[in-house]
Structures are given as structure tokens and as C-alpha cells.
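What you see is a predicted model, and the numbers here were worked out from it, not measured in a lab.
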Amino acid sequence: MAPSRAILRPALFRGIRQAAKRQQGEPALAFRPYHSYDHPTPVGVFNATEQAILAAAYRHVPEHGFTRHALSLGARDAGYLDISANLLPEGPFSLIRYHLVAQRQALSARRDAIFSDSPAGNAVGGEAALTIPARVERLTWERLLGNKGVNHRWQEALAIMAQPSHVPASLHELALLADEIHFLAGDTSVDPSWYTKRAGLSLIYTSSELFMTNDRSPGFDETRAFLKRRLAEAGSLSGVVGSVTQWVGFTASAGVNVLRSKGVRI
């Protein structure tokens with residue numbers, strides 16, 4: 001039997017317990033390596049200066065993308081010199097990570113509203129009327145909608161995330177998201193499926209996210225349908241393998257193109 005949630009720390013899928021700390025009027029983005037109600041609030045992912053710059057820079061992403069130019073504009077808006085953006089050692093990836101962490105944390109803050117907005121959640125019995133798979137689907141869709149404002153820039157972000165130096169942190173954030181969704185959905189299983197559910201959801205989420213970057217349907221309806229199909233096929237190994245192959249193929253190609261644009265001979 002798999003160990004209990006309180007002590008479970010798998011290598012990839014480490015849960016988080018949401019925490020927010022106000023620094024200069026902005027909530028600090030924070031995480032801990034597993035879900036627990038009995039541990040103190042951890043230190044934020046970003047310090048106060050980084051938080052201020054990233055929060056301001058994020059508002060420029062729709063126009064300028066996840067770029068150093070957006071970071072420089074953010075530094076200026078936050079009251080710092082443009083060159084202060086160099087305080088972020090990971091450059092544009094810091095801005096991408098800010099988005100990933102902020103959107104993941106937003107799920108916890110909006111959990112009750114997310115379920116109450118669901119037709120099943122509004123029925124007799126409220127949230128209890130929703131099955132765990134239905135909650136997982138609703139939370140995953142809500143997270144995908146978190147990309148709506150930057151969807152036209154997300155393929156650029158995927159190319160940056162595919163760079164070898166950023167792959168570990170990108171996969172770590174994906175693992176945290178999958179764990180968070182299952183935790184918020186009320187999945188308390190402690191058998192070996194704990195791992196397979198999160199691995200499967202990670203692959204389904206990445207394929208849905210990639211699909212969404214090319215979706216021009218109203219309200220991203222085609223992406224929602226795609227997500228539901230993939231979740232319904234979650235028991236099919238071939239479906240999961242196909243999803244991850246598609247994502248790896250795209251990100252590898254994007255990463256090569258980025259390296260070539262920097263003058264690397266590949």
C-alpha cells in the first residue's frame with residue numbers, strides 16, 4: 001500500500017499546500033513539497049523585489065510575450081531601473097514560472113466557486129453530487145482557462161520551457177499541478193494509482209494545453225471537448241503514449257529552433 005499523504009514524497013509528484021504572503025501589496029508565490037495542514041507557511045518562490053517586477057511585467061506579456069523586454073518594462077513600472085530585470089537569473093523563464101505558480105495557486109483560492117459553477121454542483125447535493133473524475137475535469141479546464149490571456153504567446157513559452165536548462169523546473173511545476181488538482185478534487189486514494197493518476201493527468205494536461213494554442217473556436221469549446229475525450233480515454237495506454245509523444249515532439253522541435261536562433265549549430 002502506498003504511504004499516507006502526510007508523508008508521501010514521490011520524486012516527481014510532490015504536492016503543495018497553498019500559501020500566500022503579502023509583500024509590497026502583492027501575494028508572494030509559495031510552495032511546500034507536499035500537502036499538509038500542520039506545517040508553517042514556506043518562504044515564497046520569489047523575493048519581494050522579484051515579485052514586484054514579475055507582477056508588473058506579467059501585464060506586458062499579452063503584447064510583448066515572455067521576453068526580456070517585458071521584464072524591463074515591468075521593472076520600470078515597479079519603480080526600478082530597466083536593468084533591474086537582470087536580478088532574475090532565469091530571465092524570461094522566471095516570468096513563465098510566475099504564470100505557472102500563480103495559476104496553480106488560483107485553483108485553491110477558487111475551488112468552491114469552480115464547483116458551484118458546474119451544473120452538477122448546482123444540483124441537489126451541491127459539490128457532493130460531483131464525482132471525483134468530474135471534479136478533476138472541472139479543475140483541469142479551469143487551469144487551462146488560466147492561459148486564455150496569454151494563449152497566443154504560449155507556444156513561445158513552450159519553446160523556452162523546452163530548453164534543457166528549464167526542463168526540470170517545467171516538469172516539476174507540471175507535477176505540482178497534477179497533484180494539486182487531485183488534492184482539490186478530494187482524491188484520497190493511497191494505493192499505487194496515486195502515481196498513475198497524476199502521471200496520466202500530466203500527459204492529458206500537456207496535450208490539451210498544446211491543442212489549445214491552435215484552437216480558434218468560441219470559448220475554446222474544441223479544447224474542452226478534446227480534454228473530455230482524453231480524460232475518458234485515460235485508461236488507454238496507447239492514448240497516453242500518443243499524448244506525450246505529441247508534446248515531446250513539439251517541445252523538442254521548438255527547443256531546437258530556439259537554440260538555432262541563438263546561433264547554436266544543430
Side-chain angles (χ1 to χ4, degrees), residues 11-14 16 29 31 33 44-47 49-51 53-75 82-105 143-144 146-147 149-180 198-199 201-214 241-266:
L12 274 178
F13 300 101
R14 299 179 178 177
I16 69 159
L29 303 181
F31 67 90
V45 175
F46 304 107
N47 62 39
T49 300
E50 293 170 340
Q51 173 79 13
I53 293 174
L54 289 170
Y58 187 69
R59 293 192 285 271
H60 293 282
V61 170
E63 181 178 357
H64 300 288
F66 294 91
T67 61
R68 288 194 176 276
H69 182 54
L71 288 172
S72 295
L73 292 174
D82 292 9
I83 198 173
S84 299
N86 293 330
L87 293 172
L88 299 163
E90 294 180 312
F93 181 73
S94 295
L95 194 51
I96 295 171
R97 193 177 186 192
Y98 176 88
H99 170 79
L100 296 175
V101 176
Q103 294 301 325
R104 169 166 51 80
Q105 291 185 341
R143 172 57 191 88
L144 285 168
N147 283 1
V150 297
N151 189 56
H152 60 297
R153 295 291 186 179
W154 199 243
Q155 287 196 10
E156 302 169 12
L158 290 175
I160 295 172
M161 293 163 68
Q163 294 180 35
S165 59
H166 300 320
V167 167
S170 299
L171 291 178
H172 180 65
E173 281 298 330
L174 176 61
L176 292 177
L177 174 63
D179 183 62
E180 182 73 355
R198 285 156 176 77
L201 180 59
S202 294
L203 299 178
I204 290 169
Y205 177 81
T206 55
S207 62
S208 299
E209 188 177 60
L210 179 58
F211 184 94
M212 187 175 177
T213 63
N214 293 307
V241 171
S243 296
V244 72
T245 300
Q246 180 186 28
W247 182 79
V248 169
F250 173 81
T251 52
S253 175
V256 168
N257 289 335
V258 169
L259 292 175
R260 284 175 175 169
S261 71
K262 295 179 178 294
V264 178
R265 294 184 178 179
I266 298 179

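Residues A75 and S84 come closest through the heavy atom pair CB-CB, 4.3 Å. Closest heavy-atom contact between H60 and A70: CB-CB, 4.2 Å. Of all non-hydrogen atoms in G149 and H152, the two that sit nearest each other are O-CE1, 3.4 Å.
Rounded to the nearest 0.5 Å, atoms CE (M212) and CG (N147) are 6.0 Å apart. In this structure, R104 CZ and L176 CG are separated by 4.5 Å, a value rounded to the nearest 0.5 Å. Expressed to the nearest 0.5 Å, how far NE2 of H69 lies from CG of D82 amounts to 9.0 Å. The CG atom of L87 lies 10.5 Å from the OG atom of S94; values are rounded to the nearest 0.5 Å. Rounded to the nearest 0.5 Å, atoms CD1 (I53) and CG (L88) are 5.5 Å apart. In this structure, CG in L201 is found 9.5 Å from OG1 in T206, a value given to the nearest 0.5 Å.
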Checklist entry - Could you go step by step and tell me if R143 and L100 meet the side chain to side chain contact (heavy atoms under 4.5 Å, CB included) rule? => result CA-CA 10 Å; R143 172 57 191 88; L100 296 175; 3.7 Å; yes
Checklist entry - Can L54 and L71 be said to form a side chain to side chain contact (heavy atoms under 4.5 Å, CB included), step by step? => result CA-CA 7 Å; L54 289 170; L71 288 172; 3.8 Å; yes
Next on the checklist: One pair to check against side chain to side chain contact (heavy atoms under 4.5 Å, CB included): N214 and Q155. What are the steps and the verdict?
Outcome noted: CA-CA 9 Å; N214 293 307; Q155 287 196 10; 3.3 Å; yes
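Residues Y98 and V45 form no side-chain contact, since every pair of their non-hydrogen atoms from C-beta on lies 4.5 Å or further apart. Under the 4.5 Å side-chain criterion, counting only non-hydrogen atoms from C-beta, H99 is not in contact with V61.
With sequence neighbours excluded, no residue forms a side-chain hydrogen bond (donor to acceptor under 3.5 Å, both in side chains) with N151. Partners of R153 by salt bridge (Lys or Arg N to Asp or Glu O under 4.0 Å), not counting sequence neighbours, listed by chain and number: E156. Checked against side chain to side chain contact (heavy atoms under 4.5 Å, CB included), S170 has the following partners two or more places apart in sequence or in another chain: F93, M161, H166.
Ring pair W154/F66 is perpendicular by interplanar angle, where above 60° counts as perpendicular and below 30° as parallel.
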